[in-house]
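This structure is a prediction, so every number in the text was calculated from the model and none was measured.
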Amino acid sequence: MSGHEGHFHKKAAFLDDKERMKGFRINELIEALPSFSANDSFLDLGAGTGFFTIPLAMKTKGTVFAIDADLKMLELIEKKMGEAKVSNVERIQADVSKIPLEDGSVRHVLASLILHEVPDLQSVLAEVFRVIEHGGDIAVIEYEEEKMPDGGPPLHIRLSAEKLSKALEEAGFSDCHARMVDERIYFLTARKL
């Protein structure tokens, strides 16, 4: 196994670690979206291993767009689609700052533990705003800025719920609501009215 291959498997195992993610009650988070219905389309921004993609696909009859820059992650999602017997996932290899979808083409966007990594948050949020239909929403999962430094990204790149709410409002979103999922991680929703 090459070094790159080993790195990928290590990263995939970390992203799929059930212990790390057990605090995320996926179905509860999906149902907390303000305008969720069973035929909705989703965009899983920075889908990674499909930790959220597959449960989203099982929860909706609409299309789930899984966007990730890493082709190997998208191949892993394809494998998981077969295991879960879901066919409503469209895998897209792309950078999250250039989403190759039409304006207003999705109802919901999920951005789980990705926004703290983007170099230009405002341009990514502008792209997300563009692809969400009017009345749709974004759901974000991130680590709170100053809560327990171990177990998440470095403190200097974290986004507080307050900073992210302001950035979402600057991008045109309304009705920002945040709640703590556990003592470190928050779940934030905002709508495109």
Requested in this report: Taking the side chain as every heavy atom from C-beta outward, state whether Leu188 and Ser165 have any pair of such atoms under 4.5 Å apart.
Outcome: yes
**Report entry** Val140 side chain near Leu159 side chain, heavy-atom distance below 4.5 Å
**Finding:** no
Query raised in the report: Which atom pair, heavy atoms only, marks the closest approach of Ala47 to Ile77?
Result: CB-CD1, 3.8 Å
Report task. Please check if the side chain of Lys192 supplies one atom and the backbone of Gly136 the other of a donor-acceptor pair under 3.5 Å. Result -> no
Query raised in the report: Between Ile92 and Pro100, is any pair of side-chain heavy atoms under 4.5 Å apart?
Result: yes
Query raised in the report: Of the non-hydrogen atoms in Val89 and Ala66, which two are nearest, and what is the gap between them?
Result: CG1-CB, 4.1 Å
Requested in this report: Determine the minimum heavy-atom distance between Glu142 and Ile114, stating which atoms define it.
Outcome: OE2-N, 3.3 Å
Query raised in the report: Is Glu145 salt-bridged to Arg158, cutoff N-O under 4.0 Å?
Result: no
Report task. State whether the side chain of Ser41 and the backbone N or O of Arg107 hold a donor-acceptor pair below 3.5 Å, judged by distance alone. Result -> yes
Report task. Taking the side chain as every heavy atom from C-beta outward, state whether Ile138 and Leu45 have any atom pair closer than 4.5 Å. Result -> no
Query raised in the report: Does any non-hydrogen side-chain atom of Phe52 lie less than 4.5 Å from one of Ile141?
Result: yes
Requested in this report: State, yes or no, whether a side-chain contact exists between Lys61 and Asn88 at a heavy-atom distance under 4.5 Å.
Outcome: no
Query raised in the report: Hey, is the main chain of Gly48 close enough, under 3.5 Å, to the side chain of Asp68 for a donor-acceptor pair?
Result: yes
Query raised in the report: Do the side chain of Gln93 and the main chain of Leu74 share a donor and acceptor less than 3.5 angstrom apart?
Result: no
Query raised in the report: In terms of heavy-atom contacts, does CD of Glu83 have more than 12 from other residues, nucleotides or ligands at under 6.0 Å?
Result: yes
Query - Lys166 bridged to Glu162 by N-O distance under 4.0 Å - result: yes
Query raised in the report: What about Met180 and Leu168, same hydrophobic cluster or not, with Ile/Leu/Val/Met/Phe/Trp/Tyr joined at side-chain heavy-atom distances under 4.5 Å?
Result: yes
Report task. Look at the side chain of Arg191 and the backbone N and O of Gly135, then say whether any donor-acceptor pair between them is shorter than 3.5 Å. Result -> yes
Report task. Taking the side chain as every heavy atom from C-beta outward, state whether Asp175 and Asp137 have any atom pair closer than 4.5 Å. Result -> no
Report task. Would you confirm whether Asp44, through its side chain, and Gly50, through its main-chain N or O, come within 3.5 Å as a donor-acceptor pair? Result -> no
Query - SB check Arg130 Glu127 (cutoff 4.0 Å) - result: yes
Requested in this report: May I ask you to decide if Ile185's main-chain N or O and Glu144's side chain share a donor-acceptor pair within less than 3.5 Å?
Outcome: no
